[in-house]
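See structure below.
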Number of protein chains: 2
Amino acid sequence: MNQRNILSFETLRVACKNCSVGALCLPLGLEPEEVGRLEDIVKRARPLQRGDFLFRDGDRFRSLYVVKTGSVKSYAPSAEGGEQVLGFHLPGEIIGLDAIDKDAHACSAKALETSALCEIPFPRLEELSTVIPSLQRQMYRLLSKEISNETDMLLLLGKKSAEERLATFVLNMSKRLQQRGLSPTDFHLSMSRHEIGNYLGLAVETVSRLFTRYQDDGLMVVDRKHIQLIDLDALESLSNGSGPTRQQQRN
Amino acid sequence: MNQRNILSFETLRVACKNCSVGALCLPLGLEPEEVGRLEDIVKRARPLQRGDFLFRDGDRFRSLYVVKTGSVKSYAPSAEGGEQVLGFHLPGEIIGLDAIDKDAHACSAKALETSALCEIPFPRLEELSTVIPSLQRQMYRLLSKEISNETDMLLLLGKKSAEERLATFVLNMSKRLQQRGLSPTDFHLSMSRHEIGNYLGLAVETVSRLFTRYQDDGLMVVDRKHIQLIDLDALESLSNGSGPTRQQQRN
DNA sequence: GGCAACCTTTGATCTGGATCAAGTCAAAGT
DNA sequence: ACTTTGACTTGATCCAGATCAAAGGTTGCC
């Protein structure tokens with residue numbers, strides 16, 4: 001059964017070439033030969049179960065991680081035992097970029113559901129990126145995109161009302177799922193209302209009430225964690241404050 | 001007057017070697033010879049007057065900028081004509097990292113006072129960083145640090161009270177000024193109350209009232225834009241919510 | 001199956017900070 | 001000196017969303 005051996009060998013190493021999220025991830029813009037060299041350093045991490053940690057705040061930084069399937073949340077400890085959810089990570093998204101500078105993780109990452117990940121030892125990635133310019137370019141892009149994403153969150157937290165925040169969140173999920181070839185109008189949220197609220201700077205109760213209101217207004221159908229978006233245009237205008245009679249704030 | 005010619009030649013090009021902010025900027029970790037190659041691509045930008053734009057939102061991304069003297073604010077347009085201040089940039093800090101991915105600026109940058117800057121054409125920097133590994137490393141660090149900084153802001157905007165926010169802001173300025181060899185307890189704020197409030201997600205009036213309260217409580221002396229910090233420890237505990245009888249929030 | 005822990009919803013109330021509304025003050029021009 | 005202008009302060013009021021309270025619903029575990 002030589003055939004079988006080859007197969008099992010193949011499944012032990014990562015195959016970015018065939019990975020469904022390759023186009024969103026590090027291989028973007030690389031030549032096939034270069035992707036091969038990337039595959040050589042990427043490790044397949046043991047799958048995580050819901051609640052398992054990928055790393056914890058304070059851990060030494062060793063690797064970046066890419067979600068292959070499932071989803072992960074990251075969160076930072078805030079004063080007095082509270083925590084701030086920093087993001088929800090979907091397949092193809094890279095986790096850990098904030099730890100490069102300090103060489104230690106300042107936040108924790110935990111699986112929201114059973115999830116598969118790739119582990120990329122950072123020193124080897126850094127080394128490889130010195131010899132593959134397009135990999136370096138992609139790294140710069142990914143780091144920069146992370147900054148842009150956080151900038152968007154600053155705007156959300158600094159300026160948007162509760163109603164705008166949740167609409168923005170739902171649409172953001174919708175767009176990211178669509179990029180991954182999933183339905184942009186019918187999906188499952190793997191995080192709790194509490195986690196959504198925490199992420200958006202809102203109380204759980206506010207999130208719950210807003211979902212109810214959106215549903216009453218015919219913008220979406222909400223059944224527990226299952227969401228169906230009905231009126232994307234209305235959500236879009238809600239999300240940037242151009243909803244019915246809305247005036248800008250002064251600050 | 002040969003002497004004079006040499007001098008004027010020297011002032012035309014950038015001299016990172018002698019730059020007072022070099023240790024915070026790109027040259028950190030480079031060999032002298034490598035710093036020289038960096039100097040070759042860095043341009044001295046024409047000084048900006050208060051109110052001048054470094055770039056505007058929508059501009060094509062060409063260069064990163066480093067503040068040499070003065071200060072710059074960056075801000076993004078928010079819905080309905082409002083704006084969100086994203087940061088205040090002091091000497092040694094790099095501006096524009098968020099634009100790498102989209103190849104366009106999503107925010108504007110404007111001088112808060114007369115300011116000198118270095119301009120670093122990004123394509124040339126990218127190229128140089130493929131041949132100087134320690135420059136690449138420093139770029140990764142700087143990008144990562146930018147992410148960490150924004151993460152801190154997410155926590156501030158998501159979880160902190162007005163009182164905590166302003167204390168955090170004042171201490172953050174203090175620490176950054178100290179790193180630049182300036183007094184951490186006696187300084188001038190180049191931005192207006194309005195801009196501080198916008199940055200922190202607060203109304204101008206709230207900022208003003210808090211400064212008054214801090215002063216009444218003997219934490220600092222505030223005279224217009226001049227700030228003297230008196231009780232750093234008290235400010236520190238205020239800034240992370242461990243002030244007098246403070247309970248954590250639930251969300 | 002049945003209990004326990006947790007998540008979500010819904011209603012009532014409370015409050016931190018926004019908004020509204022006058023001033024006050026300093027720098028710059030006339 | 002006197003007005004203008006814009007930034008800052010201070011007081012009064014208001015409100016979005018937090019907090020408190022109390023049910024239901026789910027899920028998982030023994």
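Just so it is clear: chains get the letters A, B, ... in the order the sequence lines come, proteins before strands, and each one is counted from 1.
- Here the side chain of A:R224 is nearest to one of C:dT9, D:dA18, D:dT26, namely D:dT26.
- Atom-to-atom, CG of A:L202 to P of C:dT8 comes out at 15 Å; the value is rounded to the nearest Å.
- Regarding B:D223, its CG atom lies at a distance of 12 Å from the C1' atom of D:dC8, rounded to whole Å.
- B:H105 and B:F61 have perpendicular rings, their planes meeting at more than 60° on a 0 to 90° scale where under 30° would count as parallel.
- In this entry the distance linking CG of A:L112 with P of D:dT27 reads 16 Å, nearest Å.
- Donor-acceptor pairing under 3.5 Å is recorded for the side chains of A:H89 and A:S74.
- Listed by chain and residue number, A:L97, A:E150, B:I147 satisfy the side chain to side chain contact (heavy atoms under 4.5 Å, CB included) test with A:E146 (two or more places apart in sequence, or in another chain).
- In this model, the phosphate group of D:dC8 is approached by a side-chain N or O of B:K225 to a distance below 4.0 Å at OP1 or OP2.
- In this structure, the NZ atom of A:K160 is 13 Å from the P atom of D:dG17, given to the nearest Å.
- Rounded to whole Å, atom C1' of C:dC7 lies 11 Å from atom CD of A:E195.
- Proximity of A:R193 to the phosphate of C:dT9: a side-chain N or O atom is located under 4.0 Å from OP1 or OP2.
- Salt-bridge formation is detected for the pair A:E93/A:R180: a Lys NZ or Arg NE/NH1/NH2 atom is positioned less than 4.0 Å from an Asp or Glu carboxylate oxygen.
- Taking a 4.0 Å limit (strictly below) on heavy-atom distances, residues 207-218 of chain B reaches DNA chain D at B:S208, B:R209, B:T212.
- Between B:K175 and B:E236, at least one side-chain N (NZ, or NE/NH1/NH2) sits under 4.0 Å from a carboxylate O, which counts as a salt bridge.
- Using a 4.0 Å cut-off between charged nitrogen and carboxylate oxygen, B:R213 and B:E163 count as a salt-bridge pair.
- Salt bridge annotation for B:K73-B:E83: present, with a cationic side-chain nitrogen under 4.0 angstrom from a carboxylate oxygen.
- If you take CD of B:E205 and P of D:dT10, they are 12 Å apart, rounded to a whole angstrom.
- One atom, CG of B:N198, and another, C1' of D:dA7, lie 16 Å apart when rounded to the nearest Å.
- Atom-to-atom, NE2 of A:H194 to P of D:dG25 comes out at 23 Å; the value is rounded to the nearest Å.
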